[in-house]
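Keep in mind that the numbers below use all heavy atoms, side chains included, and drop hydrogens, waters and symmetry copies.
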2 protein chains.
Amino acid sequence: MKTQQTAEGVARPAGRPRSEKAERSIIEATLELLGEGIGVSELSIESIASRAGVGKTTIYRRWSNKEDLVVDALATLKPPIPLPQGATVRDDLVTYLRVIQEESRHHRTRCIMNIAMSDSERHPRLAERFRELAVEPRRAVVSAVLRRGMETGELRADLDIDMALALLSGAMIWLTKWSHAGDSQADLPERIVDEALKGFRPRPSES
Amino acid sequence: MKTQQTAEGVARPAGRPRSEKAERSIIEATLELLGEGIGVSELSIESIASRAGVGKTTIYRRWSNKEDLVVDALATLKPPIPLPQGATVRDDLVTYLRVIQEESRHHRTRCIMNIAMSDSERHPRLAERFRELAVEPRRAVVSAVLRRGMETGELRADLDIDMALALLSGAMIWLTKWSHAGDSQADLPERIVDEALKGFRPRPSES
DNA sequence: TGATTATGAAACGGTCCCGTTGCGTATCGA
DNA sequence: TCGATACGCAACGGGACCGTTTCATAATCA
């Protein structure tokens, strides 16, 4: 295989270069199918190729197996918007939960979250990737919000940040998953945050 | 089709009766495969028949489709042990979370939970069945515990029970799913319950 | 005994997908 | 122009599973 030097000094093989467009449409098709509820194990290369308007060979030339492709597809997901600093920590937390709630309305996000939740057993690399891309950045943002509250005194100084994050996120996901569809859930973020802030015990000074 | 009356007056078809043993082993095989991480969509009738040591015909004679079979299989899952009344509400809640934690250690339970979480989109009947069998009874038990605490004054009188349940269960599942494997998690139930009881705000009377 | 139904095994034709190969065409550098 | 590589397309042999049918055998009752 002959190569040549580009201006940047990057080695480049001779012949027709790979199509960036094809690559993008393959990844887009993958995300589309996952977003329609197709699980990783049911996802077929042929369906991706067909959806992307691409030959199977073009896919096999780039990825040696399905998992690699899905990992790369997940990697193109945009990280969430940085959380704006609201007036109070309570406001920021409500905003955070509202983002989760809003995302879970879109098929695409919800199905990809399902994949992360359920296929983590059989696809640890996928789960790890999802962790880096979706879980960790949110953890960092909310963690900062909570720390700010601990400094200003709006929150307990000895608050366990990971535990607080788990309570908030876990409750949001739980309720989204298991509450009856008929229930109005517009105020879910506020209710979760307020309940978590107050705690379950009575407050002697306020009762 | 000729029928005959049994002593109990139940109409019964002539000929060889269906094997109870075959039926049980089919359901057991189904649960085994699901417990090994096979998703509902990948679950094949042939693999069930093979595992159960049974002909495919025997399965098709009883269930017209895969989903019906899985629904019946889920129905054989034992409801959870009623929660013993400990000394305090805190103890009972810790016990409850410990049961969840313990269950999620067993492959079988964990995988079935995964199915409930992820396949609920495409199999609403399965999700509903799981709700009845696994979610609702727990909700009832914890709900009773929380109400007791509200009466005795150990908990706030205006506590939102559904919200409290979501915070506790959601946090447990979230942490089980996303915390690093290396973390010691033996005291997770205690930490979750205590954090939820205290709430995030500082307590003026105790600080 | 004979009628009736169930059972496990095997085979059927059909569908979907696998991963690979060959083909004619398109796009690059030399 | 030529060599090299990528492209979309179609076809390949092979495997898994579908849902059905056939068959010899087993269990039940009249």
Side-chain angles (χ1 to χ4, degrees), chain A residues 1-30 32-34 36-70 122-123, chain B residues 1-30 32-34 36-70 122-123:
Chain A
M1 179 189 293
K2 296 179 185 175
T3 62
Q4 55 194 197
Q5 295 297 107
T6 67
E8 298 85 5
V10 178
R12 168 172 174 185
R16 178 176 175 174
R18 291 190 178 174
S19 161
E20 298 287 341
K21 188 177 131 202
E23 189 137 345
R24 278 198 309 272
S25 57
I26 291 170
I27 289 202
E28 181 58 27
T30 305
E32 265 182 35
L33 289 167
L34 291 177
E36 288 169 12
I38 310 291
V40 175
S41 55
E42 315 155 61
L43 191 63
S44 70
I45 300 290
E46 295 203 336
S47 68
I48 296 173
S50 157
R51 174 73 63 109
V54 144
K56 281 197 292 179
T57 23
T58 306
I59 299 183
Y60 282 115
R61 191 175 294 117
R62 291 168 161 78
W63 294 278
S64 58
N65 63 67
K66 192 167 58 181
E67 196 174 9
D68 286 345
L69 169 54
V70 175
R122 267 169 302 169
H123 303 282
Chain B
M1 178 191 292
K2 296 179 186 176
T3 62
Q4 55 195 202
Q5 294 298 108
T6 66
E8 301 85 5
V10 178
R12 170 174 172 183
R16 177 176 176 174
R18 292 189 177 174
S19 162
E20 296 288 340
K21 187 177 131 203
E23 190 137 344
R24 277 198 309 271
S25 58
I26 290 169
I27 291 208
E28 181 57 28
T30 304
E32 265 182 36
L33 289 167
L34 290 177
E36 288 168 13
I38 310 291
V40 175
S41 54
E42 315 156 63
L43 191 63
S44 70
I45 300 290
E46 295 204 335
S47 68
I48 296 173
S50 157
R51 174 73 64 107
V54 143
K56 280 198 292 179
T57 21
T58 307
I59 298 183
Y60 282 114
R61 191 175 293 116
R62 291 169 161 76
W63 293 277
S64 57
N65 62 68
K66 193 167 59 181
E67 195 174 10
D68 286 346
L69 168 55
V70 175
R122 266 169 304 169
H123 303 282

Chemist: Nearest whole Å is fine: how far is dC9(D) P from I48(A) CD1?
Modeler: 16 Å
Chemist: Please compare T57(A) and I45(B) by the position of their nearest nucleotide in DNA chain D and report the one closer to 5'.
Modeler: T57(A)
Chemist: For the pair E32(B) and R51(B), find out whether any cationic side-chain nitrogen is under 4.0 Å from an anionic carboxylate oxygen.
Modeler: yes
Chemist: In whole angstrom, what separates I38(B)'s CD1 from dA16(D)'s C1'?
Modeler: 13 Å
Chemist: Between R18(A) and E23(A), is there a salt bridge with N-O shorter than 4.0 Å?
Modeler: no
Chemist: For the CD1 atom of I45(B) and the OG1 atom of T58(B), what is their distance to the nearest 0.5 Å?
Modeler: 12.0 Å
Chemist: Given atom CD of E20(B) and atom P of dT28(D), what is their separation to the nearest angstrom?
Modeler: 12 Å
Chemist: Figure out the CG/P separation between L69(B) and dG19(D), and round it to whole Å.
Modeler: 12 Å
Chemist: In whole angstrom, give the distance that lies between atom CD of E67(A) and atom P of dC18(C).
Modeler: 15 Å
Chemist: For G15(A) and K66(A), take the nucleotide of DNA chain C holding the closest heavy atom to each; which residue's nucleotide lies nearer the 5' end?
Modeler: K66(A)
Chemist: Mind calculating the distance between CD1 (I59(A)) and P (dC18(C)) to the nearest angstrom?
Modeler: 9 Å
Chemist: Consider the side chain of R61(B), meaning its heavy atoms from C-beta on, and name the nucleotide among dC18(D), dT7(C), dA6(D) that approaches it most closely.
Modeler: dT7(C)
Chemist: So does R62(B) get a side-chain nitrogen or oxygen closer than 4.0 Å to the phosphate oxygens (OP1/OP2) of dT7(C)?
Modeler: yes
Chemist: Round to a whole Å and report the spacing from CD of E23(A) to P of dG8(D).
Modeler: 12 Å
Chemist: Between the base of dG19(D) and the side chain of K56(B), is there any donor-acceptor pair under 3.5 Å?
Modeler: yes
Chemist: Less than 4.0 angstrom between a side-chain N/O of R16(B) and OP1 or OP2 of dT4(C), yes or no?
Modeler: no
Chemist: Grab the CZ-P distance between R18(A) and dC28(C) for me, whole Å please.
Modeler: 15 Å
Chemist: If you measure from the Lys or Arg side-chain nitrogens to the Asp or Glu carboxylate oxygens, is any gap between E42(A) and R122(B) under 4.0 Å?
Modeler: yes
Chemist: Of all the nucleotides listed (dC7(D), dC28(C), dA4(D)), which has the minimum atom distance to the side chain of P17(A)?
Modeler: dC28(C)
Chemist: Determine: side-chain N/O of T58(A) to OP1/OP2 of dG8(D), distance under 4.0 Å, yes or no.
Modeler: yes
Chemist: What I want to check is whether the side chains of S50(A) and S47(A) have a donor and an acceptor closer together than 3.5 Å.
Modeler: no
Chemist: Give the nucleotide from the list dA27(D), dT7(C), dG19(D) with an atom nearest to the side chain of E46(B).
Modeler: dG19(D)
